[in-house]
Chemist: 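I have a structure here, written as structure tokens, and I will follow up with some questions on it.
All heavy atoms count here, side chains included; hydrogens, waters and symmetry mates do not. One-based numbering along the sequence shown.
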Amino acid sequence: MNLDAFANFCALHGVEVVMIDLTQPLALQGPFNVIVHKMSDIIVEAEHNRQSQQLLANFQSYVSAHPSTVLLDPLPAMTQLLDRFATYRIMSKLENSLQDWRICSPPYLEIHNESDLVSKQTLMAQSLSFPLLCKTRVAHGSLSHEMSLIFSADSFADVHPPCVLQSFINHGAVLHKVFVIGDKHFCVERPSLKNFPSGPCDRKTIFFNSHQVSKPESSSNLTALDEQMPCLPPPSSQAIEALVKELRAQLGMALLGVDVIINSHTHTLTIIDINIFPGYEGVPEFFSSLLSLIQSVLDQQTSG
């Protein structure tokens with residue numbers, strides 16, 4: 001997001017936007033009614049970097065001392081979405097609360113270490129099937145976009161824990177990115193991986209960058225369908241609305257993205273990932289939608 005452009009846009013509507021310098025005391029820069037942030041870099045780095053640990057601690061101290069300041073979004077909710085183990089557990093639970101809409105998520109398996117790598121029989125018992133998508137546990141940063149498609153247990157040497165193994169669902173090479181901004185949401189179509197035959201085979205592991213594959217202008221042999229197949233129906237707008245509403249209620253978040261696909265075989269709406277504060281590329285009138293969210297928060301503060 002271009003902060004200067006957004007600040008100028010907000011100024012025209014009577015809202016002042018300033019950039020916070022986390023290396024300086026926040027108390028000297030405030031007070032703040034609303035803090036819109038993407039602390040994901042610092043949260044992830046705080047695991048092993050003392051400077052990031054201190055920046056995060058300072059930020060949390062300020063927030064604790066100023067309970068009237070609204071965070072978009074709460075740190076605990078954001079933190080769990082930085083961990084794919086936690087995220088995929090959330091996705092699995094959504095199947096029960098959204099069963100009336102036939103919304104599901106692919107079977108998955110958490111791989112904590114080398115000893116968790118399992119046999120074909122164990123995978124079948126967990127309802128997983130080849131090919132398998134392998135994703136890093138940490139769901140942020142450049143490495144989080146580095147994924148692989150594994151076609152048999154013979155290729156488990158290509159799996160590097162901690163990571164998630166997720167059944168690959170054929171979806172006609174179309175990804176639907178749902179961008180949430182408070183009460184509003186927008187669905188943008190992107191390229192995605194093509195269909196692959198189900199079941200194990202001797203094909204070598206395919207390594208790819210999901211960000212590159214699903215860019216709006218992406219053109220890759222991984223996204224080109226080999227066969228002529230009818231177009232899949234778009235996601236039901238009512239089902240997407242129900243999904244967004246349930247996610248916001250469970251997470252307490254206002255700025256997030258949900259990646260969904262349509263199963264080529266069953267036409268079932270399938271959730272494959274949840275993202276914090278996505279890029280919102282392709283969302284029309286993003287500035288006005290974000291400003292509307294901020295203004296609604298300010299109105300609630302005033303009325304409260």
Chemist: Could you tell me whether His265 atom NE2 has more than 12 heavy atoms of other residues or ligands within 6.0 Å of it?
Modeler: no

Chemist: Contact between Ser148 and Asp158 at the side-chain level, heavy atoms closer than 4.5 Å - yes or no?
Modeler: no

Chemist: Does Met39 reach the side chain of Leu22, with side-chain heavy atoms less than 4.5 Å apart?
Modeler: yes

Chemist: Could you list who else is in Ile272's hydrophobic cluster, with ILVMFWY side chains joined at under 4.5 Å, directly or through other members?
Modeler: Ile169, Leu175, Ile261

Chemist: Who are the salt bridge (charged side-chain N to carboxylate O under 4.0 Å, His left out) partners of Asp183, not counting sequence neighbours?
Modeler: Arg248

Chemist: Ignoring hydrogens and angles, write down the donor-acceptor pairs under 3.5 Å from the side chains of residues 65-73, residues two or more places apart or on other chains.
Modeler:
unit_1, atom_1, unit_2, atom_2, d
His66, ND1, Tyr62, O, 2.8
Thr69, OG1, Phe32, O, 2.9
Asp73, OD1, Ala254, N, 2.7
Asp73, OD2, Ala254, N, 3.1
Asp73, OD2, Leu255, N, 2.8

Chemist: Relative to the ring of Tyr88, is the ring of Tyr108 parallel (under 30°), tilted (30 to 60°) or perpendicular (over 60°)?
Modeler: perpendicular

Chemist: Considering residues at least two apart in sequence or located in another chain, which fulfil the salt bridge (charged side-chain N to carboxylate O under 4.0 Å, His left out) criterion with Glu110?
Modeler: Arg89

Chemist: Run the ring-ring contact (aromatic ring centres under 6.0 Å, His included) test against Phe207 and tell me which residues pass, sequence neighbours left out.
Modeler: none

Chemist: Taking atom types as modelled, find out whether Thr268 and Arg102 have a side-chain donor-acceptor pair closer than 3.5 angstrom.
Modeler: yes

Chemist: Would the Phe6 and Phe287 ring centres measure less than 6.0 Å apart?
Modeler: yes

Chemist: State the OG1-CZ distance between Thr205 and Phe156, to the nearest 0.5 angstrom.
Modeler: 9.5 Å

Chemist: Does either side chain, that of Asn49 or that of Gln53, offer a donor lying less than 3.5 Å from an acceptor on the other one?
Modeler: no

Chemist: Does any non-hydrogen side-chain atom of Val18 lie less than 4.5 Å from one of Gln29?
Modeler: no

Chemist: Which residue pairs pass the salt bridge (charged side-chain N to carboxylate O under 4.0 Å, His left out) test with at least one member in residues 260-282, sequence neighbours excluded?
Modeler: Arg84-Asp273, Lys135-Asp273

Chemist: Fit a plane to each ring of Tyr280 and Phe286, take the angle between them on a 0 to 90° scale, and name the class: parallel (under 30°), tilted (30 to 60°) or perpendicular (over 60°).
Modeler: parallel

Chemist: By side chain to side chain donor-acceptor pair (under 3.5 Å), which residues pair with Asn209, not counting sequence neighbours?
Modeler: Glu146

Chemist: Once ring-ring contact (aromatic ring centres under 6.0 Å, His included) is applied, do any residues pair with His145, and if so which ones, sequence neighbours excluded?
Modeler: His211

Chemist: Who are the ring-ring contact (aromatic ring centres under 6.0 Å, His included) partners of His267, not counting sequence neighbours?
Modeler: none

Chemist: Does any non-hydrogen side-chain atom of Thr270 lie less than 4.5 Å from one of Pro106?
Modeler: yes

Chemist: Partners of Phe208 by ring-ring contact (aromatic ring centres under 6.0 Å, His included), sequence neighbours excluded?
Modeler: none

Chemist: Does CD belonging to Gln212 count more than 12 external heavy atoms closer than 6.0 Å?
Modeler: yes

Chemist: Applying the side-chain contact (heavy atoms from CB on, under 4.5 Å) criterion to Leu94, which one of Val258, Leu243, Ile103 satisfies it?
Modeler: Leu243

Chemist: Nearest 0.5 angstrom please: Leu133 CG to Leu128 CG, how far?
Modeler: 10.5 Å

Chemist: Gln51: which residues meet the side chain to side chain donor-acceptor pair (under 3.5 Å) condition with it, sequence neighbours left out?
Modeler: none

Chemist: Any chance the rings of Phe277 and His37 have centres within less than 6.0 Å?
Modeler: no

Chemist: Would you call Asp202 and Phe151 a side-chain contact if the rule is heavy atoms closer than 4.5 Å?
Modeler: no

Chemist: So, using side chain to side chain donor-acceptor pair (under 3.5 Å) as the criterion, who are the partners of Thr23 when residues are at least two apart?
Modeler: Asp21

